Engineer: 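The structure follows.
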Amino acid sequence: MREDGSGAGEPRGGSAPGRGAGSAAWARLALLALVASVLVPLVAAGLRSVLWALAGIAALALAAVGAWWALAHTGVVRVAGAALCVAAPLGVLVLYAAYGMLGPALLSVALWALAMAAARAATAPAREAGPGGRGPAEAPRHAWILMNPRSGGGKVGRFDLVHRARAAGAQVVLLGEGRQDVAALARQAVAEGADLLAVAGGDGTQALVAEVAARHDLPFVVVPAGTRNHFALDLGLDRDDPAAALAALTDGVELRVDLGFAADRVFVNNASFGTYAAVVADPAYRDEKVQTTLRTLPGLLTGADAPRLRMRAGDLRAEGLQALLVSNNPYRRAVDASRPGRRQRLDSGRLGLLAVRVDSAAQAAGMMRPGGSTSLIRATATEAVVEADTDTVPAGIDGEHVLLPAPVVCRIDPGALRVRVPRDRPGTPPGGAVAHWPRIARLALGIRKG
């Protein structure tokens, strides 16, 4: 079992050839910025800077308490919690300003951010447009693409995707009103000779067709015509220009990525259990997301029917979980990347595990401790088992609500999917998920690890 900091592994092959001098320079900058971020408050306030740091941590803890009250309660307590969320950090900023510490504090934070960015640049491989490809791919003879005209607020129509796909030689099938068996449509296409499957729609539809493509070892094209399209983003595609993804039909490269499974359901992004899955199950969620979430969360967090899950993965055991997110490859931590919620890789062969159990305001405050908290569990594994005291477990599979029989075995199928992407695409930001400071120091000092 590996903690998420190394779940995706170091970039394969380390720094690219020819980047030695550049990596060393970035490493030196990272160390200098890190040291400076500590020295600035010390110079400004001496040992009292420790007290100012503790005041900042206390403000974050109070904000976490306020967030818990706002989410887990209603009425006056919710209003008080929302007020505390704003007042605690604002109050400590006013205190910093009154004693002349606001400038040094902001400079210290900026230097720390520079140190993290430089550290990632020092250990980054040469920039790639998303996961590595396997060279030019042969154009398909019978490409089949499923399009959802309603997805993403009508992106299929706005970007003229039907005409563009047909011009590229693809057979286009449009989803109609009502529920349709997407997987059955894809299987029928394969039976009729399709040698490439594609989807212009959201992640849930992408996952259903991707499973069929993987089962028949056919290439799969992602056209980001949904609302969020996290899978497309992590493949290095441009979500604001879904038509550009169609270039993969005629001028593409192929890569292998992993697929996640929750029981027999495939997911390209994640499977969520517990609180979020229960919220998604509410019929009102699709039209009123915020209102539905605020209305249902108090009962889900502190009510008699609040979900309590158990999870085991390798040597890891966790009980009393309110929420569990199992992802196809680990997500970055919010403090470790300029773009949290992204996956550095889609081919690590590891599930990302993120579990939460918070039963009180004190536990919510404890999540702000510098050393971490038992309320938040991050890990990676190749398989995880989700257990409950009920026969079925609600789950959100790439945002789609389903009921799965308990226990639910989640696993990853490494390199299961052949994804075809355009040769030219925006790409994903390079760099590891966590700054590995011993390695940074070796790079800065020119020391080779023996």
Side-chain angles (χ1 to χ4, degrees), residues 129-131 133-134 136-152 154-176 180-257 259 266-269 346 398 416-425:
R134 300 195 306 176
E138 183 180 351
R141 296 184 300 276
H142 182 187
W144 178 89
I145 179 167
L146 182 69
M147 296 189 178
N148 185 350
R150 298 174 301 282
S151 188
K155 282 185 177 179
V156 168
R158 289 204 311 274
F159 289 90
D160 195 20
L161 296 183
V162 174
H163 174 75
R164 291 169 182 258
R166 286 174 176 163
Q171 176 189 353
V172 178
V173 175
L174 295 175
L175 280 177
Q180 291 179 268
D181 191 335
V182 170
L185 291 173
R187 288 193 295 268
Q188 180 182 347
V190 174
E192 294 174 352
D195 59 355
L196 179 146
L197 303 180
V199 172
D203 287 322
T205 308
Q206 300 279 0
L208 293 171
V209 178
E211 180 181 16
V212 178
R215 184 173 300 160
H216 294 276
D217 197 31
L218 294 176
F220 178 67
V221 170
V222 176
V223 181
T227 303
R228 296 179 181 86
N229 286 116
H230 295 294
F231 186 49
L233 187 65
D234 290 333
L235 285 170
L237 301 176
D238 186 353
R239 295 185 300 181
D240 296 324
D241 185 13
L246 293 173
L249 298 175
T250 54
D251 184 26
V253 294
E254 191 171 294
L255 42 124
R256 285 273 185 180
V257 301
L259 284 180
V266 70
F267 57 89
V268 294
N269 292 323
L346 292 171
D398 285 334
L417 183 64
R418 297 168 55 191
V419 177
R420 192 165 294 183
V421 294
R423 188 190 307 272
D424 297 318
R425 61 195 194 281

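Heavy atoms only: backbone and side chains are in, while hydrogens, waters and symmetry mates are out. Given the structure is predicted, the values throughout are model-derived calculations rather than measurements.
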Engineer: Do Val421 and Val222 touch side chain to side chain, with heavy atoms closer than 4.5 Å?
Structural biologist: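 No - every pair of side-chain heavy atoms lies 4.5 Å or more apart.
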Engineer: Quick one: do Asp217 and Arg256 satisfy salt bridge (Lys or Arg N to Asp or Glu O under 4.0 Å)? Show the steps, please.
Structural biologist: CA-CA 11 Å; Asp217 197 31; Arg256 285 273 185 180; 3.1 Å; yes
Engineer: Please check this pair: side chain of Asp195 against backbone of Arg141, looking for a donor-acceptor N/O pair closer than 3.5 Å.
Structural biologist: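 Yes, Asp195 side chain to Arg141 backbone: donor-acceptor pair under 3.5 Å.
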Engineer: Once rounded to the nearest 0.5 Å, what's the spacing between atom CZ of Arg166 and atom CD of Gln171?
Structural biologist: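 Result: 9.0 Å between the selected atoms.
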Engineer: Do Arg420 side-chain atoms and Glu138 backbone N/O form a donor-acceptor pair below 3.5 Å?
Structural biologist: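 A pair under 3.5 Å: yes.
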Engineer: Can you tell if the side chain of Val419 reaches within under 4.5 Å of the side chain of Glu254, non-hydrogen atoms only?
Structural biologist: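 Counting from C-beta outward, Val419 and Glu254 never come under 4.5 Å.
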Engineer: Do Pro224 and Lys155 have side-chain heavy atoms sitting under 4.5 Å apart?
Structural biologist: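 Side chain of Pro224 against side chain of Lys155, heavy atoms only: no contact under 4.5 Å found.
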Engineer: For Thr227, is there any backbone N or O sitting under 3.5 Å from a side-chain donor or acceptor partner on Arg239?
Structural biologist: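 No: the side chain of Arg239 does not pair with the backbone of Thr227.
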Engineer: Spell out, as yes or no, whether a donor-acceptor pair under 3.5 Å connects the side chain of Asp398 to the backbone of Val268.
Structural biologist: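 Between the backbone of Val268 and the side chain of Asp398 there is a qualifying donor-acceptor contact (under 3.5 Å).
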Engineer: Against Trp144, only a single residue in Leu218, Leu196, Leu185, Val199 fulfils side-chain contact (heavy atoms from CB on, under 4.5 Å); can you say which?
Structural biologist: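 Checked Leu218, Leu196, Leu185, Val199 against Trp144; only one passes side-chain contact (heavy atoms from CB on, under 4.5 Å): Leu185.
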Engineer: Taking all non-hydrogen atoms of both residues into account, name the closest pair between Val223 and Pro242 and its distance.
Structural biologist: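 Between these two residues, the closest heavy atoms are CG1-O, 3.5 Å.
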Engineer: For the residue pair Leu237 and Pro422, establish whether any side-chain heavy-atom pair is separated by less than 4.5 Å.
Structural biologist: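 In contact.
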Engineer: Using atom types as modelled and distance alone, determine if a side-chain donor or acceptor of Asn229 lies under 3.5 Å from a backbone N or O of Ala232.
Structural biologist: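 No, the answer is negative, given that no donor and acceptor are paired below the 3.5 Å cut-off.
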Engineer: Under a 4.5 Å cut-off applied to non-hydrogen side-chain atoms, are Asn148 and Val156 in contact?
Structural biologist: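 The answer is no, as the side chains (C-beta and beyond) never meet within the 4.5 Å cut-off.
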Engineer: Measure across Leu259 and Ala210 and return the closest heavy-atom pair with its distance rounded to 0.1 Å.
Structural biologist: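 Scanning both residues, the minimum pair turns out to be CD1-O, 4.3 Å.
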Engineer: Do side-chain atoms of Arg150 reach the backbone of Gly176 as a donor and acceptor pair under 3.5 angstrom?
Structural biologist: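 The answer is yes, because a donor-acceptor pair under 3.5 Å joins these two groups.
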Engineer: Are more than 12 heavy atoms from other residues, nucleotides or ligands located less than 6.0 Å from atom NE2 of His216?
Structural biologist: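 Count over threshold, so yes.
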Engineer: Please examine the side chains of Val173 and Ile145, heavy atoms only from C-beta on, and report whether any two atoms are closer than 4.5 Å.
Structural biologist: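 A side-chain contact under 4.5 Å is absent here.
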Engineer: Taking all non-hydrogen atoms of both residues, which atom of Ala225 and which atom of Ala200 are closest, and how far apart?
Structural biologist: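 Heavy-atom minimum between the residues: CB-C, 3.8 Å.
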Engineer: If you round to the nearest 0.5 Å, how far is CG of Asp424 from CG of Asp238?
Structural biologist: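 Here the interatomic distance stands at 12.5 Å.
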Engineer: Of all the heavy-atom pairs spanning Leu246 and Arg164, show the shortest one and how long it is.
Structural biologist: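 Looking at all heavy atoms of both residues, the closest pair is CD1-CB, 3.6 Å.
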Engineer: So, for Ala243 and Leu161, which heavy atoms are closest and what is the spacing to 0.1 Å?
Structural biologist: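 Closest pair (atom of Ala243, atom of Leu161, distance): CA-CD2, 3.6 Å.
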Engineer: Which value, rounded to the nearest 0.5 Å, describes the distance between Gln206 atom CD and Leu417 atom CG?
Structural biologist: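 It is 10.0 Å, given to the nearest 0.5 Å.
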Engineer: Quick one, Val257 with Leu235, criterion side chain to side chain contact (heavy atoms under 4.5 Å, CB included). Give me CA distance, side-chain angles, the key distance, then yes/no.
Structural biologist: CA-CA 9 Å; Val257 301; Leu235 285 170; 4.2 Å; yes
Engineer: Answer whether the closest heavy-atom distance between the side chains of Gln188 and Asp181 falls below 4.5 Å.
Structural biologist: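 Of all side-chain heavy-atom pairs linking Asp181 with Gln188, none is under 4.5 Å.
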Engineer: Could you pull out the closest heavy-atom pair between Leu249 and Ala168, with the gap in Å?
Structural biologist: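 That would be CD1-CB, 3.9 Å.
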Engineer: Nearest 0.5 Å, what's the CG-CG distance between Leu197 and Leu146?
Structural biologist: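 Taking CG in Leu197 and CG in Leu146, the distance rounds to 9.5 Å.
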Engineer: Are side-chain heavy atoms of Phe267 and Asn269 found at a separation under 4.5 Å?
Structural biologist: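 No; the side chains remain at least 4.5 Å from each other.
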